[in-house]
Amino acid sequence: MGNQYYVDEIMGHVLARNPGESEFHQAVREVVESVQAVIEKNPAFARAKILERMVEPERQIMFRVPWVDDRGEVQVNRGFRVEFSSAIGPYKGGLRFHPSVYLGIIKFLGFEQIFKNALTTTPIGGGKGGSDFDPKGKSDNEVMRFCQSFMSELFRHIGPDTDVPAGDIGVGGREIGFLFGQYKRLTNTFTGVLTGKGLEWGGSLVRTEATGYGLVYFVTRMLQDRGTDWKGKKVVISGSGNVAIYATQKAQELGARVIAMSDSNGYIVDEEGIKLDTVKRIKEVERGRIREYVDEHRSAQYTEGWKGIWSVPCDIALPSATQNEIDAEAAEQLVKSKCIAVGEGANMPSTPEAIEIFLERGVAFGPAKAANAGGVATSALEMCQNSMRLNWTFDEVDRRLKQIMDAVYDQCTGAAEAYGAKDNLVVGANIAGFLKVARAMMAQGVV
Ligand code: NDP
Ligand code: 2IT
């Protein structure tokens, strides 16, 4: 079977079966294109329809989430949990609460999660969930009532050995607390059914920092391979949420100068280096906007519009806000400013056109499903500690996280080289993740 024929056939099927879900199509196409060489080498995978099975979620749950706001008005949101693959462990992946959420976004995230989770070396399958609920501007009580209603349906589908949700955009410690409380009440069990829990009730040290730290550990390896490190590098990090904040912290610790951050309204540039304590207070405590930073720091400027951040010249870019935030134009701007490395903290932040530009122009590129795997990997470490009913120290978890990010990097470079795509970590990540899941599926029969 010819290469393009196989890609076209699978994509034709995916497009027809999942109309209108453009983000899902985008995520699937990248994987299918990357693994076609593997399928050709292993005809048994084609006969067993491994890829055809992988693109079809094992189970998809959609449900009504009614709740009452502070004015006494009834609100109705939509809830999702897509259980994509349990080939190598219980479904695992975050919950996203954002008004843009629809089935196509949850499916793209759940699909990517299968391969990311396989790369972590830990035994977790792939899933994702969320809602079109917008936590912004809601009171704590409104968020609590929403989370309780959401869990009142979700609880029957999840469990510590079945499906273990966590956070993502709009879901942090506060939301996980409310969700956990309701699960515990409904099931009368205290288990590790969610990760990202508070430290007093089953959470793991380093989980809060893990995605950002892991991203920086991964990019460290990319830089090492090019004979350099973080010292004195100018870094631009989009977003100012969980991933962006802890990527900034670790990059600064390693001697980088982080000069720009953003939110969905606009971006700040502080050439003296971002004062992270201010960002943390504004975003984590006050739940404010990034523009408030300039009220306190005269060295900084604020510009309306989130996209402009990619016109800020930098050595290293860490997109850590959302999908498709770097398009071809932004990628060209980064290449023009002589950016040497891009590490994806967010999921699918670069469009296919942008990725092509980075790869062709020699910019070191760390794809999301490898570079941001530290978050879910540390979730797996939280599950492990919950099962043992023990807690590791910060240093112990951080050491394991570093070790995992090294293993993720080695798998990506190894698979890329084995399949004649040296330095292409996109192909490497997709192939290494795919092979682990494919072998497990082969062993388990047609299920
Ligand atoms: P948060 O909710 O903590 O922060 C999200 C940040 O991104 C905010 O600054 C937000 O700005 C900005 N943002 C969100 N949507 C948009 C948008 N449509 N346009 C521009 N900016 C936007 O989420 P996280 O930091 O947890 O997640 C960030 C990314 O990292 C996501 O892609 C997520 O899937 C990915 N990720 C997260 C992991 C985790 O452990 N949390 C693990 C792996 C990946 P605003 O406040 O204005 O909305
Ligand atoms: O995209 C991701 O990997 C996450 N949001 C983290 C998922 C998790 O289960 O910790």
Side-chain angles (χ1 to χ4, degrees), residues 23 89-101 105-106 108-117 119-120 122 124-130 134-137 163-176 192-197 203-204 206-215 218 237-248 261-268 279-280 282-284 287-291 305-309 318-326 344-350 368-383:
E23 297 85 358
Y91 309 108
K92 181 85 197 86
L95 297 170
R96 177 177 293 190
F97 292 171
H98 193 272
S100 64
V101 163
I105 290 207
I106 299 300
F108 115 66
L109 291 163
F111 184 71
E112 296 248 307
Q113 203 84 45
I114 304 172
F115 308 96
K116 180 196 307 193
N117 294 4
L119 287 170
T120 64
T122 63
I124 44 177
K128 200 85 186 191
D134 187 358
K136 254 189 232 128
D163 183 355
V164 182
D168 193 82
I169 290 177
V171 177
R174 174 182 62 171
E175 290 75 18
I176 294 293
V193 68
L194 293 157
T195 58
K197 300 185 290 298
S204 173
V206 193
R207 178 61 190 89
T208 303
E209 297 84 354
T211 311
Y213 278 21
L215 170 65
F218 189 90
I237 303 185
S238 64
S240 46
N242 175 267
V243 179
I245 285 176
Y246 293 97
T248 300
M261 293 182 85
S262 61
D263 60 22
S264 54
N265 292 109
Y267 67 98
I268 52 165
V279 176
K280 283 181 63 138
I282 293 172
K283 300 307 276 194
E284 292 183 341
R287 296 182 185 276
R289 309 304 300 161
I290 200 71
R291 75 171 87 84
W306 55 270
K307 227 189 128 179
I309 193 168
L318 305 178
S320 302
T322 194
Q323 65 276 354
N324 291 327
E325 52 170 313
I326 300 188
E344 294 190 319
N347 284 306
M348 209 166 77
S350 312
K369 56 170 84 70
N372 75 29
V376 75
T378 307
S379 280
L381 299 178
E382 182 171 328
M383 289 165 70

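Atoms within each ligand, like the ligands themselves, are counted from 1 in listed order.
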Students should be able to answer this: which protein heavy-atom is nearest to atom 7 (C) of ligand 2, and at what distance?
Gly94 N, 3.5 Å
Report yes or no: does a heavy atom of Glu112 sit under 4.0 Å from some atom of ligand 2?
no
Below 4.0 Å from ligand 1: does a non-hydrogen atom of Ser240 turn up there or not?
yes
Tell me whether ligand 1 is touched by Ala244 - counting only heavy atoms on the residue side and a distance under 4.0 Å.
no
Determine the sole option in Lys116, Gln323, Arg96 for which the side-chain hydrogen bond (donor to acceptor under 3.5 Å, both in side chains) test with Asn347 is passed.
Lys116
Evaluate the 4.0 Å heavy atom contact test for atom 10 (C) of ligand 1: does a protein atom fall under the cut-off?
no
Short version for Arg207: what comes under 4.0 Å of ligand 1, heavy atoms counted, is side chain
Give a yes/no verdict on whether any heavy atom in Arg96 is under 4.0 Å from an atom of ligand 1.
yes
Have a look at ligand 2 and work out which part of Asn347, if any, has a heavy atom under 4.0 Å from it: side chain, backbone, both or neither.
side chain
I'd like the name of whichever of Ile290, Leu215, Asp168 reaches closest to atom 33 (C) of ligand 1 through any heavy atom.
Asp168
Proximity flag Lys136 to ligand 1, non-hydrogen atoms under 4.0 Å
yes
Could you check whether any heavy atom of Gln323 sits closer than 4.0 Å to an atom of ligand 1, since that is the contact criterion I want to use?
no
Would you check whether Lys128 has a nitrogen or oxygen atom less than 3.5 angstrom from a nitrogen or oxygen atom of ligand 2?
yes
Check Glu325 against ligand 1 and report side chain, backbone, both or neither, counting heavy atoms closer than 4.0 Å.
neither
Please confirm whether Gly167 approaches ligand 2 to less than 4.0 Å, judged on its heavy atoms.
yes
Option with minimal heavy-atom separation from atom 7 (O) of ligand 1, where the choices are Ala321, Gly266, Ala210, Gly196:
Ala321
Nearest non-hydrogen contact with atom 6 (C) of ligand 1 belongs to which option: Gly288, Gly241, Gly305?
Gly241
Could you tell me whether Arg96 approaches ligand 2 through its side chain, its backbone, both or neither, with non-hydrogen atoms closer than 4.0 Å?
neither
Taking only heavy atoms of Lys116 into account, list the atoms of ligand 2 that are under 4.0 Å away from them.
1 (O), 2 (C), 3 (O)
Would Val164 count as a polar contact of ligand 2, with the cut-off being nitrogen or oxygen pairs under 3.5 Å?
no
